[in-house]
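First up is the structure itself, then whatever we jot down about it.
Count residues from 1 along the sequence. Treat the numbers as computed from the prediction; the structure is a model and nothing was measured.
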Amino acid sequence: SKVFAETLSPGMVRDLVEDAEQRTVDHGQFLFHQGDPGNGMYLVQSGQVEILRKIDSGEDGDGEGGGSDDESFMPDDDEVRDSYRFIVSLKRGDLFGETSMLVGAPRNAAARCTTEDRGHGNSKVRLLFISRQLYLRLQKHQQGGALSKSLQKTKNAILKQGILERVDAFKGLSAKTRSLILEMMRPREFKQGEYICRQGEKGSLFFLIIKGEVRVTVNDKDAKNGEK
């Protein structure tokens, strides 16, 4: 997970995995539902996890293929088939649920465990569960050592000056949520001439310039270097 990797230090990732809770779940069981609080994140060790989203009110989930556009989504539970739209299937090594946990937001989808034998054998889904409490405890320990005082001072200045409130995407967020977003931020340094991102790439990160300048360009095939 890019969000996970960019937010946590390697040492913190190791501590989280070592202290995580092992969970074994039966086929068809939900780990969480859409709208539930983001109380932790999961790492799939075996089996699969379907990420589902409730069909909008007014939409019909007819019996053939259910409410999903994916024809391979054929759950053995009629209620699931008629009530949910399939988003993605996760397998061994996939991490999920981290975004809502990191920012303290409700789950924007549901997660349902599945096995190849559809519950007719002894196979189960095995996961690591990393609770929000564990994350916050390790984060506090990290802030006491690895994170510099200057970084914390910068974060406090950003919050005090209301910089996030000037960004359209964050205007509708509560002060508490904006504060949580700041807590997730980590320092990144770029060399002269190095690209932070390129046009056309998927936007998964948000940057605030603390020091130096950034030149913004767009692709232009007629320009000397292909951009202007």
Side-chain angles (χ1 to χ4, degrees), residues 1-7 16 20-116 118-119 124-136 169-181 183-184 202-206:
S1 167
K2 196 166 186 178
V3 173
F4 194 38
E6 294 290 348
T7 303
L16 283 173
E21 174 188 343
Q22 294 269 357
R23 292 192 176 182
T24 302
V25 184
D26 292 329
H27 170 83
Q29 184 175 335
F30 279 84
L31 294 170
F32 53 78
H33 291 86
Q34 192 170 332
D36 285 351
N39 62 344
M41 51 190 166
Y42 295 84
L43 179 67
V44 183
Q45 293 184 298
S46 67
Q48 295 181 323
V49 175
E50 294 174 339
I51 302 301
L52 312 172
R53 190 160 291 150
K54 280 221 165 190
I55 298 173
D56 294 336
S57 57
E59 290 186 33
D60 293 326
D62 53 39
E64 298 188 17
S68 175
D69 294 330
D70 191 322
E71 294 182 358
S72 66
F73 179 58
M74 293 294 294
D76 48 9
D77 186 310
D78 290 341
E79 184 178 353
V80 172
R81 184 178 63 248
D82 295 338
S83 302
Y84 289 93
R85 188 174 297 282
F86 176 80
I87 304 300
V88 69
S89 181
L90 305 176
K91 58 186 184 304
R92 178 181 172 84
D94 287 334
L95 181 82
F96 63 98
E98 75 278 17
T99 303
S100 60
M101 189 210 72
L102 291 173
V103 302
R107 305 288 191 188
N108 64 1
R112 179 178 181 262
C113 294
T114 63
T115 58
E116 289 186 2
R118 293 180 173 266
K124 295 180 183 292
V125 178
R126 290 178 171 79
L127 312 103
L128 285 179
F129 174 69
I130 301 168
S131 69
R132 179 171 171 78
Q133 289 78 8
L134 173 60
Y135 168 79
L136 292 175
F170 297 144
K171 284 182 179 179
L173 301 179
S174 66
K176 180 180 179 181
T177 301
R178 288 195 295 268
S179 179
L180 284 170
I181 290 173
E183 285 304 312
M184 301 306 115
K202 184 178 180 180
S204 60
L205 298 175
F206 170 78

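- The side-chain contact (heavy atoms from CB on, under 4.5 Å) search around Q22 returns Q45, L128, not counting sequence neighbours.
- Note that CD of E21 is 10.5 Å distant from CG of L127, once rounded to the nearest 0.5 Å.
- To the nearest 0.5 Å, atom CD1 of residue I87 and atom CG of residue L52 are 7.5 Å apart.
- The two residues G38 and S100 have their closest heavy-atom pair at CA-OG, 3.8 Å.
- Note that the CZ atom of F30 and the CD atom of E50 stand 8.5 Å from one another [nearest 0.5 Å].
- Annotation for L134 and S131: closest pair N-OG, 3.1 Å, computed over non-hydrogen atoms.
- Taken from CZ in R85 to CZ in R53, the straight-line distance is 10.5 Å, to the nearest 0.5 Å.
- Within the structure, side-chain hydrogen bond (donor to acceptor under 3.5 Å, both in side chains) contacts touching residues 30-43 (residues at least two apart or in different chains) are R23-Y42, N39-R107.
- Side chains of V125 and T114 form no contact here, defined as non-hydrogen atoms less than 4.5 Å apart.
- Separating the CZ atom in R112 from the NE2 atom in H27 is a distance of 5.0 Å, to the nearest 0.5 Å.
- Taken to the nearest 0.5 Å, the CG atom of L43 stands 12.5 Å off from the CZ atom of F129.
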Does K54 form a side chain to side chain contact (heavy atoms under 4.5 Å, CB included) with Y84? I'd like the steps, not just the answer. CA-CA 4 Å; K54 280 221 165 190; Y84 289 93; 3.5 Å; yes
Full working for side chain to side chain contact (heavy atoms under 4.5 Å, CB included) between L31 and C113: CA-CA 7 Å; L31 294 170; C113 294; 3.7 Å; yes
